[in-house]
Amino acid sequence: MKIHTRLPLTLLCGGLLTLGACNQTSSTEETAATETTTSSQQATLPARSDFQDTIDGKETDLYILKNKNNVQAAISNYGGRLISLLVPDKDGNMRDVVVGFGDVNSFTEGADTFFGATIGRYGNRIAKGRFTLDGKEYKLATNNDQNHLHGGDTGYSRMVWDARQVDDKTLELTYLSKDMEEGYPGNLNVKVTYALTDDNELRISYEATTDKKTVVNLTNHAFFNLNGEGSGTINNHLLQINADRYTPVDETLIPTGELAPVEGTPFDFRKPTKIGERIEQDHEQLNFGKGYDHNFVLNTSQGDGMTKAATVVGDQSGIVMEVFTEEPGIQFYGGNFMEGKNTLKTGVKDEHRTAFCLETQHFPDSPNQPKFPSTELNPGQTYNTTSVYKFSVK
């Protein structure tokens with residue numbers, strides 16, 4: 001995250017988003033969903049009317065971004081969620097590469113609340129729901145066994161954001177997270193900007209200011225399947241992550257503080273590797289996470305520029321997704337805790353490992369890990385970070 005001295009509001013520029021970790025539930029077997037997306041099918045967006053409702057006295061809606069290549073993104077202001085993303089496959093057919101629900105009520109009632117959501121105030125986990133700032137301890141909800149996950153019991157994923165569609169390619173979402181909401185100090189003014197470029201990039205910008213010292217780690221929790229939602233396992237996708245090290249975790253998925261080398265481990269994705277190639281290896285870290293649910297320490301570019309964090313290729317579709325970010329880390333989650341409890345947009349269930357997440361971020365539990373990059377934000381500073389998801393075909 002970049003910190004900038006506060007400027008007049010008219011001069012502030014939007015940053016872009018980061019991404020968090022995953023809801024932990026138990027799962028013991030991998031099943032593959034029946035493939036419903038084929039090369040002859042054209043994916044479509046959900047109906048806008050299915051996202052129009054009133055929640056907590058505020059209206060929800062679905063906003064559509066479209067570029068000159070007919071790439072389309074659908075975003076709901078309920079949870080600031082990326083609902084759908086239609087991109088062309090190797091045959092020119094449009095596939096929806098984002099996995100999730102097809103109506104707003106499913107998001108309010110579903111077993112998994114994080115599909116596509118904007119996550120805050122702190123993405124990923126904080127150990128035992130506690131951290132200290134300037135000698136004062138703050139206590140948060142322990143909503144993930146003994147730990148705090150993705151902002152707490154409610155978090156930003158269940159809030160209705162104020163929305164302003166700037167133009168056909170840009171949507172701004174704003175939210176005031178009040179002092180001590182979910183236990184976090186400071187009134188935090190947050191702005192998220194989704195922008196779809198003619199280069200088939202989805203750019204997500206985050207900006208935030210506070211009136212008290214606080215911690216911030218904003219992220220997006222999009223679940224991806226580059227073969228299209230409902231196409232089955234993601235274990236045959238090719239994944240490359242630009243990281244020589246990762247942060248090992250304990251049995252509760254809290255980082256130990258070590259920055260361990262990936263070399264010689266199942267976490268070495270420095271060359272394109274099938275996601276599932278080493279998933280069954282008997283490795284302590286895979287056992288703890290029931291697969292991949294780990295933060296990778298990116299080989300960041302010099303200066304303040306963007307880092308190419310990861311590349312994924314859909315084995316059936318030929319769709320390539322490149323992830324660029326200003327963040328120091330990326331959480332790779334392989335859908336280990338998906339259990340087939342939710343019915344998705346295409347009518348299939350969210351079966352085990354049928355989606356993955358690549359969530360750009362600061363490291364988990366940073367408020368309790370002084371050697372990790374800081375997530376503290378002071379009054380007079382602006383939190384500002386950018387991530388880009390770029391799509392092409394192989």
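Hydrogens, waters and symmetry mates are skipped; everything else that's a heavy atom, side chains included, is used.
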Handout entry: Passing candidate, side chain to side chain contact (heavy atoms under 4.5 Å, CB included) with His294, options Phe267, Phe288, Tyr333
Key = Phe267
Problem - Short side-chain donor-acceptor distance under 3.5 Å, Asp282 and Asn287 - result: yes
Practice task
Answer with yes or no whether the side chains of Thr375 and Asn217 bring together a donor and an acceptor at under 3.5 Å.
Solution key: no
Practice task
Work out which heavy atom in Gly335 is nearest to a heavy atom in His352; give both atom names and the distance.
Solution key: O-ND1, 3.6 Å
Problem - Test item: side-chain donor near acceptor, Asn384 and Thr382, under 3.5 Å - result: no
Exercise for the section: Could you tell me how the ring of Phe363 sits relative to the ring of Phe372: parallel (under 30°), tilted (30 to 60°) or perpendicular (over 60°)? Expected result: perpendicular
Exercise for the section: Using distance alone, with no hydrogens and no angle criterion, decide if Gln361 and Glu327 have a side-chain donor and acceptor under 3.5 Å apart. Expected result: no
Handout entry: Electrostatic pair Asp134-Lys213, nearest N-O below 4.0 angstrom
Key = yes
Handout entry: Point-to-point distance, once rounded to the nearest 0.5 Å, from CD of Gln331 to OH of Tyr246
Key = 12.5 Å
Practice task
Kindly compute the distance separating CG (Leu196) from CZ (Phe391), expressed to the nearest 0.5 Å.
Solution key: 9.5 Å
Exercise for the section: Look at the rings of His148 and Tyr184 and say which category their plane angle falls in: under 30° parallel, 30 to 60° tilted, over 60° perpendicular. Expected result: perpendicular
Handout entry: Minimum-distance pair of heavy atoms, taken over all atoms of Arg130 and Glu137
Key = CD-OE2, 3.6 Å
Practice task
Please check if any side-chain donor atom of Arg95 sits under 3.5 Å from a side-chain acceptor atom of Asn227, or the reverse.
Solution key: no
Exercise for the section: Check the side chains of Tyr194 and Asn220 for a donor-acceptor pair under 3.5 angstrom, ignoring hydrogens and angles. Expected result: yes
Exercise for the section: Establish, yes or no, whether a centroid distance under 6.0 Å links the rings of Phe223 and His221. Expected result: yes
Fill in the blank from the handout: What one should report as the nearest heavy-atom pair of Pro367 and Val215 is CG-CG1, 4.1 Å
Practice task
Check the side chains of Thr273 and Glu277 for a donor-acceptor pair under 3.5 angstrom, ignoring hydrogens and angles.
Solution key: no
Problem - Salt-bridge present (Asp162, Lys58; N to O < 4.0 Å) - result: yes
Problem - Passing option when Asp61 is tested against Arg164, Arg48, Arg81 for salt bridge (Lys or Arg N to Asp or Glu O under 4.0 Å) - result: Arg48
Problem - Lys349/Glu351 salt bridge by N-O under 4.0 Å criterion - result: no
Exercise for the section: Answer with yes or no whether the hydrophobic clustering places Phe131 together with Leu253; edges join I, L, V, M, F, W, Y residues whose side-chain heavy atoms lie under 4.5 Å apart. Expected result: no
Problem - salt_bridge(Lys390, Asp199) N-O dist < 4.0 Å - result: no
Exercise for the section: State which residue, out of Asn144, Asn147, Asn295, fulfils the side-chain hydrogen bond (donor to acceptor under 3.5 Å, both in side chains) condition with Arg125. Expected result: Asn144
Handout entry: Atom of Val71, atom of Pro88 and distance for their closest heavy-atom approach
Key = CG2-CD, 3.9 Å
Handout entry: Polar side chain donor-acceptor pair, Asp211 to Asn187, under 3.5 angstrom
Key = yes
Problem - Spatial distance of atom CG (Leu226) from atom CG (Asn236) [nearest 0.5 Å] - result: 12.5 Å
Practice task
For a side chain to side chain contact (heavy atoms under 4.5 Å, CB included) with Arg270, tell me which candidate from Asn242, Val262, Ile241 qualifies.
Solution key: Val262
Practice task
Return yes if a side-chain donor-acceptor contact under 3.5 Å exists between Asp153 and Asn143, otherwise no.
Solution key: no
Handout entry: Plane angle bin for Tyr206 and Tyr383 - parallel if under 30°, tilted between 30 and 60°, otherwise perpendicular
Key = perpendicular
Problem - Side-chain H-bond candidate by donor/acceptor type, Asp96 with Ser84, under 3.5 Å - result: yes
Exercise for the section: Flag yes if Trp161 and Leu202 sit in one hydrophobic cluster, no otherwise; membership is Ile, Leu, Val, Met, Phe, Trp, Tyr, and two members link when side-chain heavy atoms are under 4.5 Å apart. Expected result: yes
Handout entry: From Lys68 atom NZ to Asp198 atom CG, the distance as rounded to the nearest 0.5 Å
Key = 5.0 Å
Fill in the blank from the handout: CG of Asp53 to CD of Glu59, rounded to nearest 0.5 Å, is 9.5 Å
Practice task
Please determine, by modelled atom types, if Glu229 and Thr346 share a side-chain donor-acceptor pair under 3.5 angstrom.
Solution key: yes
Handout entry: From OH (Tyr156) to CG (Leu173), nearest 0.5 Å
Key = 13.5 Å
Practice task
Run the salt-bridge test on Asp56 and Arg158 with the 4.0 Å N-O cut-off and return the result as yes or no.
Solution key: no
Problem - Minimal non-hydrogen separation, Leu82 against Ala222, with atom names - result: CD2-CB, 4.2 Å
Exercise for the section: Answer yes if the side chains of Thr170 and Asp167 hold a donor-acceptor pair under 3.5 Å, and no otherwise. Expected result: yes
Handout entry: Short side-chain donor-acceptor distance under 3.5 Å, Thr386 and Glu326
Key = yes
